[in-house]
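Report on the structure given below.
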Amino acid sequence: MAQRVVLIGTGNAGRIALTQLITDERFELVGVGVSDPAKIGIDAGELAGLGAGTGITAVGDLDQLLTTRPDCAVYCAMGDTRLVEAMADIRRILAAGVNVVGTAPGLLMYPWGTLPAKFFAEVEAAAAAGGASLFVNGVDPGFVNDLIPFALASTCRQIEQVRCLELADYATYDGSTVMFDVMGFGTPLDKTPMLLQPGVLGIAWGAGMRALAAGLGVQIDEITETYEREPAPESFRVAVGEVPEGTQAALRFEITGHVAGRPAIVVEHITRLRDDLRPDWARPAQPGGSYRVEITGEPSYAVDICPSSRHGDHNYAAILAGVGRVVNAIPAVVAAEPGIRTTGDLPLYTGPGLRALG
């Protein structure tokens, strides 16, 4: 029997999730929640770009959405700039007895040691009260930081360091809030954006890093952060708008988790808005963008992950992969014990079966 699901949030990630929820026979879409009043009343198929005809129209009220009595809610609403609201949404859904998979809030990927206990204790209490479970994941933070490193590390006799990299050109990424407000592209270098405020990088990626550490049987003692910013040599345009000369046009940051005084788990991101910027920084394995997992040990590994899609470029493919990670986990999360669940709690494979060829 198909599992009853609702979707919350129809931005870049939500639209992709909506397509799968409509077309995947494992799921029965019973509701869509939106924050934009202009989307209320629009058919889910239309919001997904598939054309009207599902008979499910978007609503703007979370309580109304929960009256559909879903087995699971797919939470794709913005979490970066509305953390308090997103956490409140998650608690309400869980307390109502509805399981949740989501791309946000990323801190709930593995909150132990990342958040003060009082913040995630309220989530755990809501899950216990509703008898529901929660799984938050994605691509990076997400499966590039836990699932793939776990698979490689399981073959090693010795591990000294795990490094996870995202190497991408974001010129075609059309999320203006993330690009401008969070990451600081197109802003003067004397203005520190949200992501680069002291401690934010360590919080944003700390959950995934601690999840990996826990799976490897170690504990991160300290997280440190470094970053470099490169100005635009002249003004140019990208998908979200103008990047004025002298403002941020490329960014490299590194977050290091120290174990027993050694740099054991490292996340590195190199984000450009033009391919010619900072050629001395590491470059992707395919045009546009890729991910890389490096393990220093015995044996050592350097594995490039190159997402692609028939329907979009590398940025679209990366979002598609992150969304697929959480949507495919729905059956396992519905079956899981109540509480915050992590990659280590789920079956190794949670995706669909192979589609018949012919």
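Computation of the quantities below employed the complete heavy-atom set of this structure, encompassing side-chain atoms and omitting hydrogens, waters and symmetry-equivalent molecules.
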Tell me whether Leu196 is reachable from Val243 by hopping between hydrophobic residues (I, L, V, M, F, W, Y) whose side-chain heavy atoms are closer than 4.5 Å.
-> yes
Using the rule that two of Ile, Leu, Val, Met, Phe, Trp, Tyr join whenever any of their side-chain heavy atoms come within less than 4.5 Å, decide whether Ile203 and Phe253 are in one cluster.
-> no
Any donor-acceptor pair under 3.5 Å linking the side chain of Arg341 with the backbone of Pro338?
-> yes
Looking at CD of Glu230 and OG1 of Thr271, how far apart are the two atoms once the value is rounded to the nearest 0.5 Å?
-> 13.5 Å
Gap between atom CG of Asn99 and atom CG of Leu94 - 0.5 Å precision = 8.0 Å
Should Ile340 and Met109 be regarded as members of a common hydrophobic cluster, given that ILVMFWY residues are connected when their side-chain heavy atoms come within less than 4.5 Å of each other, either directly or indirectly?
-> no
Would you say the side-chain atoms of His258 pair up with the backbone N or O of Ile265, donor to acceptor, closer than 3.5 Å?
-> no
Does Glu234 come within less than 4.0 Å of Arg274, counting only side-chain N to carboxylate O?
-> yes
Under a 4.5 Å cut-off applied to non-hydrogen side-chain atoms, are Cys156 and Glu298 in contact?
-> no
In Å and rounded to the nearest 0.5 Å, what is the CG to OG distance from Asp181 to Ser176?
-> 7.0 Å
Nearest heavy-atom contact between Arg91 and Ala126 is O-CB, 3.5 Å
Classify the side-chain pair Arg229/Thr192 by whether it contains a donor and acceptor separated by less than 3.5 Å.
-> no
Full working for side chain to side chain contact (heavy atoms under 4.5 Å, CB included) between Asn137 and Phe143 | CA-CA 7 Å; Asn137 210 264; Phe143 68 83; 4.2 Å; yes
What pair of heavy atoms forms the shortest contact from Leu167 to Pro284, and how long is it?
-> O-CB, 3.5 Å
In short, Cys76 meets Leu7 closest at the heavy-atom pair SG-CD1, 4.1 Å
Compare all side-chain heavy atoms of Ile22 with those of Thr19 and state whether any distance is below 4.5 angstrom.
-> no
Are Gln3 and Cys72 close enough that some pair of their side-chain heavy atoms sits under 4.5 Å apart?
-> no
Can you find a side-chain donor-acceptor pair between Thr172 and Asp313 that sits under 3.5 Å?
-> yes
Quick one: pull up CG in Asp146 and CE in Met209 and give me the separation to the nearest 0.5 Å.
-> 12.5 Å
Side-chain donor or acceptor of Asp24 paired with backbone N/O of Gln20 under 3.5 Å = no
Identify the two heavy atoms, one from Met179 and one from Leu273, that lie closest to each other, and give their separation to 0.1 Å.
-> CE-CD2, 3.5 Å
Rounded to the nearest 0.5 Å, the CG atom of Asp169 sits from the CD1 atom of Ile270 at a distance of 12.5 Å
Any donor-acceptor N/O pair, Thr155 side chain to Ala151 backbone, under 3.5 Å = no
Check for a donor-acceptor pair, side chain of Glu166 on one end and backbone N or O of Glu268 on the other, with a separation under 3.5 Å.
-> no
Search all heavy atoms of Pro141 against all heavy atoms of Ala204 and return the closest pair with its distance.
-> CG-O, 3.6 Å
Side chains of Thr187 and Thr247: closer than 4.5 Å at any heavy-atom pair?
-> no
Which word best sums up how the rings of Tyr173 and Tyr170 line up, parallel for under 30°, tilted for 30 to 60°, or perpendicular for over 60°?
-> tilted
Rounded to the nearest 0.5 Å, how far apart are CG of Asn12 and CG of Leu320?
-> 12.0 Å
Short side-chain to backbone donor-acceptor contact, Asp43 and Gly53, under 3.5 Å = yes
hydrophobic_cluster_shared for Ile330 and Leu147, side chain cutoff 4.5 Å = yes
Using the rule that two of Ile, Leu, Val, Met, Phe, Trp, Tyr join whenever any of their side-chain heavy atoms come within less than 4.5 Å, decide whether Val100 and Leu108 are in one cluster.
-> yes
Take Glu294 and Gln161 through the test side chain to side chain contact (heavy atoms under 4.5 Å, CB included) and record every step on the way to the result.
-> CA-CA 8 Å; Glu294 299 176 350; Gln161 185 184 87; over 6 Å; no
Short side-chain to backbone donor-acceptor contact, Arg82 and Met78, under 3.5 Å | yes
Is there side-chain contact between Ile93 and Leu62, with heavy atoms separated by less than 4.5 Å?
-> yes
State, to 0.1 Å, how close Phe150 and Gly215 come at their nearest heavy-atom pair, and which atoms those are.
-> CE2-CA, 3.5 Å
Does any N or O in the side chain of Asn145 come within less than 3.5 Å of the main-chain N or O of Gly208, such that one atom is a donor and the other an acceptor?
-> no
Is the shortest heavy-atom distance from the side chain of Thr103 to the side chain of Tyr75 under 4.5 Å?
-> no
Between Arg4 and Asp71, is there a salt bridge with N-O shorter than 4.0 Å?
-> no
List the steps and the verdict of side chain to side chain contact (heavy atoms under 4.5 Å, CB included) for Glu225 and Val200.
-> CA-CA 9 Å; Glu225 312 160 352; Val200 173; 5.8 Å; no
For the side chain of Thr10 and the backbone of Arg15, is there at least one donor-acceptor N/O pair under 3.5 Å apart?
-> no
Between Val293 and Ile305, is any pair of side-chain heavy atoms under 4.5 Å apart?
-> yes
Please tell me if the side chains of Val259 and Glu222 come closer than 4.5 Å, counting only heavy atoms from C-beta onward.
-> no
Check for a donor-acceptor pair, side chain of Asp61 on one end and backbone N or O of Gln64 on the other, with a separation under 3.5 Å.
-> yes
Determine the sole option in Leu165, Asp140, Leu251 for which the side chain to side chain contact (heavy atoms under 4.5 Å, CB included) test with His269 is passed.
-> Asp140
What's the verdict on salt bridge (charged side-chain N to carboxylate O under 4.0 Å, His left out) for Glu254 and Arg163, showing C-alpha distance, side-chain angles and the deciding distance?
-> CA-CA 10 Å; Glu254 187 171 290; Arg163 179 180 290 265; 3.0 Å; yes
